[in-house]
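Worksheet: the structure to be examined is printed underneath.
Quantities reported herein were computed from a predicted structural model and do not represent experimental measurements.
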Amino acid sequence: MSRSVLDRRKFVIGSGATIVSLSSALSPSTAEISSPACYAAALRHRNGTYAVGLLDEAGQLLDTHALPARGHGVTFHRKTQRAVIFARRPGTFALQFSPDNKTAPVLFACPPDRHFYGHGSFSPDGQLLFTTENHFDAAAGMIGVYRMGQTVNRIGEFPSYGVGPHDIYYDAWRGLLCIANGGIETHPDFGRAKLNLDRMQSNIAF
């Protein structure tokens with residue numbers, strides 16, 4: 001476990017992603033800290049490699065897990081103590097990891113004709129993960145469904161009812177998935193270029 005002290009503002013700027021609170025994710029016996037909270041974010045090392053980093057409220061870097069390329073959003077399930085970080089659009093990888101380091105990280109990918117949009121949300125019991133994806137040959141937003149565990153298996157999908165689904169959130173109070181469809185068409189062959197600005201339409205689907 002690597003340890004150093006980071007300036008929090010520099011960490012956020014360098015991460016390229018919003019820090020997500022993983023409250024009570026690390027116990028003092030596991031992390032050897034007294035802080036009740038832990039934060040996770042994508043980062044880039046000075047040598048140009050990428051990782052997801054964990055840090056405490058004091059800005060102390062607790063641990064890192066290597067990523068094959070730039071990461072984006074992190075989602076966490078408190079009961080199962082599983083977290084997932086997604087590739088930045090139009091990346092195709094995601095990494096399941098445990099902030100308490102009790103289970104080994106699991107790298108997984110979306111199907112060949114899809115790419116991730118950088119976000120996902122767990123089901124209430126933490127056994128399923130819903131991910132925002134692009135069926136890029138059809139220019140259609142999709143929600144991938146993955147069964148989580150020691151291995152990660154994609155078991156299905158359904159439409160996002162829009163183009164370019166980005167963020168997704170499970171509203172436990174209403175029992176609904178909330179999906180933000182940005183409306184922007186992309187394709188991996190064109191990187192992050194926006195292909196439909198003249199006709200884009202955004203929506204929020206429930």
Test log, rule side chain to side chain contact (heavy atoms under 4.5 Å, CB included), inputs Met148 and Val84: CA-CA 10 Å; Met148 310 306 288; Val84 175; 3.9 Å; yes
Please tell me whether [X] and [Y] form a close aromatic pair, meaning their ring centres lie under 6.0 Å apart.
{"X": "His72", "Y": "Phe86", "value": "no"}
{"X": "Phe108", "Y": "Phe93", "value": "no"}
{"X": "Tyr117", "Y": "His115", "value": "yes"}

Got a second to check how far [X]'s [atom1] is from [Y]'s [atom2], nearest 0.5 Å?
{"X": "Leu129", "Y": "Arg82", "atom1": "CG", "atom2": "CZ", "result": "10.0 Å"}
{"X": "Thr64", "Y": "Leu55", "atom1": "OG1", "atom2": "CG", "result": "11.5 Å"}
{"X": "Asn203", "Y": "Asn181", "atom1": "CG", "atom2": "CG", "result": "4.5 Å"}
{"X": "Thr131", "Y": "Ile143", "atom1": "OG1", "atom2": "CD1", "result": "7.0 Å"}
{"X": "Ser160", "Y": "Ile179", "atom1": "OG", "atom2": "CD1", "result": "6.0 Å"}
{"X": "Thr132", "Y": "Arg114", "atom1": "OG1", "atom2": "CZ", "result": "13.0 Å"}

With a 4.5 Å cut-off on side-chain heavy atoms, are [Y] and [X] touching?
{"X": "Tyr170", "Y": "Ser123", "answer": "no"}
{"X": "Leu67", "Y": "Arg88", "answer": "no"}
{"X": "Phe97", "Y": "Ile85", "answer": "yes"}
{"X": "Leu95", "Y": "Val52", "answer": "yes"}
{"X": "Gln127", "Y": "Phe122", "answer": "no"}

Relative to each other, are the rings of His166 and His119 parallel, tilted or perpendicular (30° and 60° limits)? perpendicular
[X] and [Y]: same hydrophobic cluster, using ILVMFWY side-chain contacts below 4.5 Å?
{"X": "Phe158", "Y": "Ile168", "answer": "yes"}
{"X": "Leu128", "Y": "Tyr146", "answer": "no"}
{"X": "Ile155", "Y": "Leu177", "answer": "yes"}
{"X": "Phe116", "Y": "Val152", "answer": "yes"}
{"X": "Tyr50", "Y": "Val74", "answer": "yes"}

Mind running side chain to side chain contact (heavy atoms under 4.5 Å, CB included) on Phe130 and Val145 for me, showing each step along the way? CA-CA 5 Å; Phe130 303 99; Val145 185; 4.0 Å; yes
One thing to verify: whether Arg89 and Glu133 come together as a salt bridge, which I'm taking to mean a side-chain N less than 4.0 angstrom from a carboxylate O. no
Between the main-chain N or O of [Y] and the side-chain N or O of [X], is there a donor-acceptor pair closer than 3.5 Å?
{"X": "Asp56", "Y": "Gln60", "answer": "yes"}
{"X": "Asn134", "Y": "Ala139", "answer": "no"}
{"X": "His77", "Y": "Thr80", "answer": "yes"}
{"X": "Gln96", "Y": "Thr151", "answer": "no"}

Check the surroundings of atom CD1 in Ile204: do more than 12 heavy atoms from other residues, nucleotides or ligands lie under 6.0 Å from it? no
Return the minimal non-hydrogen interatomic distance between [X] and [Y], and the atom names on each side.
{"X": "Ser98", "Y": "Gln81", "answer": "OG-O, 3.5 Å"}
{"X": "Gly53", "Y": "Leu61", "answer": "CA-CD1, 4.3 Å"}
{"X": "Thr92", "Y": "Ala87", "answer": "N-CB, 4.1 Å"}

